[in-house]
Amino acid sequence: MKTINHFLEAKKEGKKIIMVSTYEFWSAKICEEAGVDCILVGDSAGMVIQGLDTTIPVTVEDMIYHGKAVRRGAPNSFIVIDMPFLSYQVSVEEAVKNAGRIMKETGANAVKLEGGREVSETVEKLVSAGIPVMGHLGLTPQSVHALGGYRVQGKTQEQQKRIIEDAKILEQAGVFAIVLEAVPSNLAKEITEFIEVPTIGIGAGKFTDGQVLVFHDMMGFFDRSPKFVKRYVEGKKLFKEGLNSFINEVRAGTFPGKKHTYD
Ligand SMILES: Nc1nc(=O)c2c([nH]1)NC[C@@H]1CN(c3ccc(C(=O)N[C@@H](CCC(=O)O)C(=O)O)cc3)CN21
Ligand SMILES: CC(C)C(=O)C(=O)O
Ligand SMILES: [Mg+2]
């Protein structure tokens, strides 16, 4: 079983950290068998699994449901679960309660929450309660309406300064790693060199200590994806081919054959 120490050691040794965001039993099992360092049960489940336009409606119950399934598929993996929108912003007390429920009911190793200085007190409290916390800066999708859409962050000097400061504040608050989403690669590089905890990038270039992608994105299940997604398999095409074979064989009367029949 990997622990939070694995993340710091990987950074020290210059070994890239591999994280994949996924939501249920069988893809979690594939991730564990393939040897990823960390599985993220992302609130992107709202978009990928529920077909929502944003992650905003996702609930603590949803995350616990997904977390339990992922833990069953990946019993030996380091699992991080996203705290959904408004499960940690209202008060530190609510955040501890919700994070505690997520940890107790799923068997996760850590939680992730979005934001910088505005969540630093919450991070401190969670860490002091024994709950490891991963940070998330740059494009923070739970603030999509405040940001005016899913836009690259850290384009102006002012924004860059703020994100760098936020990374330092999160590190001081006790996070064991920080996701950097949709920021210019030179900014991600600067942050990665500036802080001691590892950075895990998505749309943040190649200089971060690790990379994360959504399982269904990299497997090619979506027709439209952000620029940062690389499709390693044409999953939708492959699945459609399989499905078409089933349809054609049933219509032609060639399935089920002898092999698939109890005689
Ligand atoms: N399937 C999936 N993959 C993700 O990576 C992901 C989610 N869902 N849901 C939560 C957030 C939302 N994310 C997103 C969603 C859209 C863009 C996007 O459309 N970006 C455009 C515009 C960039 C710009 O104009 O600045 C792009 O072309 O990359 C980026 C990140 C990343 N996360
Ligand atoms: C894209 C990653 C970092 C995430 O937060 C998610 O999957 O929800
Ligand atoms: Mg998320």
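Note that ligands are numbered from 1 as they come in the structure, with each ligand's atoms numbered from 1 the same way. Values reported hereafter were calculated over all heavy atoms of this structure, with side chains retained and with hydrogens, waters and symmetry mates removed. Keep in mind that this is a model prediction, so the values were computed, not measured.
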Would you mind checking which non-hydrogen protein atom is closest to atom 6 (C) of ligand 2, with the distance to 0.1 Å?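 Atom 6 (C) of ligand 2 sits closest to the protein heavy atom Ser44 OG, 3.3 Å.
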Identify which of Glu114, Lys112, Gln142 has a heavy atom lying nearest to atom 5 (O) of ligand 2.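 The nearest heavy atom belongs to Lys112.
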Does Glu171 use its side chain to pair, donor to acceptor, with the backbone of Glu196 at less than 3.5 Å?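 Answer holds: yes.
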If you measure from CZ on Arg101 to CD1 on Ile64, what distance do you get to the nearest 0.5 Å?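 Arg101 CZ to Ile64 CD1: 4.0 Å, rounded to 0.5 Å.
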Output, in order, the C-alpha distance, side-chain angles, deciding distance and verdict of side chain to side chain donor-acceptor pair (under 3.5 Å) for Ser44 and Tyr23. CA-CA 9 Å; Ser44 52; Tyr23 324 103; 2.6 Å; yes
Please work out, at 4.0 Å between heavy atoms, whether the side chain, the backbone, both, or neither of Leu40 comes within that distance of ligand 2.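 Side chain only.
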Parallel, tilted or perpendicular: which fits the ring planes of His260 and Phe255, with parallel below 30° and perpendicular above 60°?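 Geometry flag for Phe255 against His260: tilted rings.
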Should we count CZ of Phe228 as having more than 12 external heavy atoms under 6.0 Å?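 Result for CZ/Phe228: enclosed.
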Restricting to N/O/S atoms, is Glu114 within less than 2.8 Å of the Mg ion (ligand 3) or not?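 Short answer: no, not a single N, O or S atom is under the cut-off.
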Basic-acidic side-chain contact under 4.0 Å: Glu241, Lys237: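 So Glu241 pairs with Lys237 through a salt bridge.
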So if I count the atoms of ligand 2 from 1 in the order they appear, which ones are less than 4.0 Å from some heavy atom of Asp82?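 The atoms of ligand 2 under 4.0 Å from a heavy atom of Asp82 are 4 (C), 5 (O), 6 (C), 8 (O).
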Which ligand 2 atoms, with their elements, are less than 4.0 angstrom from a heavy-atom of Gly42?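 Near Gly42, meaning under 4.0 Å from one of its heavy atoms, ligand 2 has 6 (C), 7 (O), 8 (O).
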Strictly below 4.0 Å, N to O, side chains only: are Glu105 and Arg71 in salt-bridge contact?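 Answer for the salt bridge query: no.
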Does a sphere of radius 6.0 Å around NZ in Lys16 hold more than 12 heavy atoms from other residues, nucleotides or ligands, not counting ones at 6.0 Å or beyond?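 Enclosed.
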Hey, is Glu193 close enough to Lys189 for a salt bridge, meaning N to O under 4.0 Å?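 Salt bridge present between Glu193 and Lys189.
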For the Mg ion (ligand 3), which N, O or S atom of Asp43 is at the shortest distance?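 Nearest N/O/S atom: OD1.
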Which ligand 2 atoms, with their elements, are less than 4.0 angstrom from a heavy-atom of Ile202?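 Listed by number with element, the hits are 1 (C).
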Atom of Asp82 nearest the Mg ion (ligand 3) (restricted to N/O/S, atom name only):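 Distance check against the Mg ion (ligand 3) picks out OD2 in Asp82.
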Can you confirm whether or not the ring centre of Phe221 sits under 6.0 Å from the ring centre of Phe239?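 Here the rings of Phe239 and Phe221 have centres that are less than 6.0 Å from each other.
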Has ligand 2 got any nitrogen or oxygen that is less than 3.5 angstrom from a nitrogen or oxygen of Glu181?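 No, no N or O pair falls under 3.5 Å.
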Presence of salt bridge, Glu158 and Lys161, under 4.0 angstrom: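 No, this pair does not count.
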Is the backbone N or O of Thr192 less than 3.5 Å from a side-chain atom of Lys11, with the two atoms forming a donor-acceptor pair by type?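 It does hold such a pair.
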Kindly tell me which protein residues have any non-hydrogen atom under 4.0 angstrom away from an atom of ligand 1, grouped by chain and ordered by number?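 Ser44, Met47, Val48, Thr55, Leu139, Pro141, Tyr150, Arg151, Val152, Glu181, Ile202, Val214, Asp217, Pro226, Lys227, Phe228.
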Below 4.0 Å from any atom of ligand 2, is there a heavy atom belonging to Met19?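 Heavy atoms of Met19 never come under 4.0 Å of ligand 2.
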When you look for heavy atoms under 4.0 Å from ligand 2, do you find them on the side chain of Ser21, its backbone, both, or neither?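 The answer is the side chain of Ser21.
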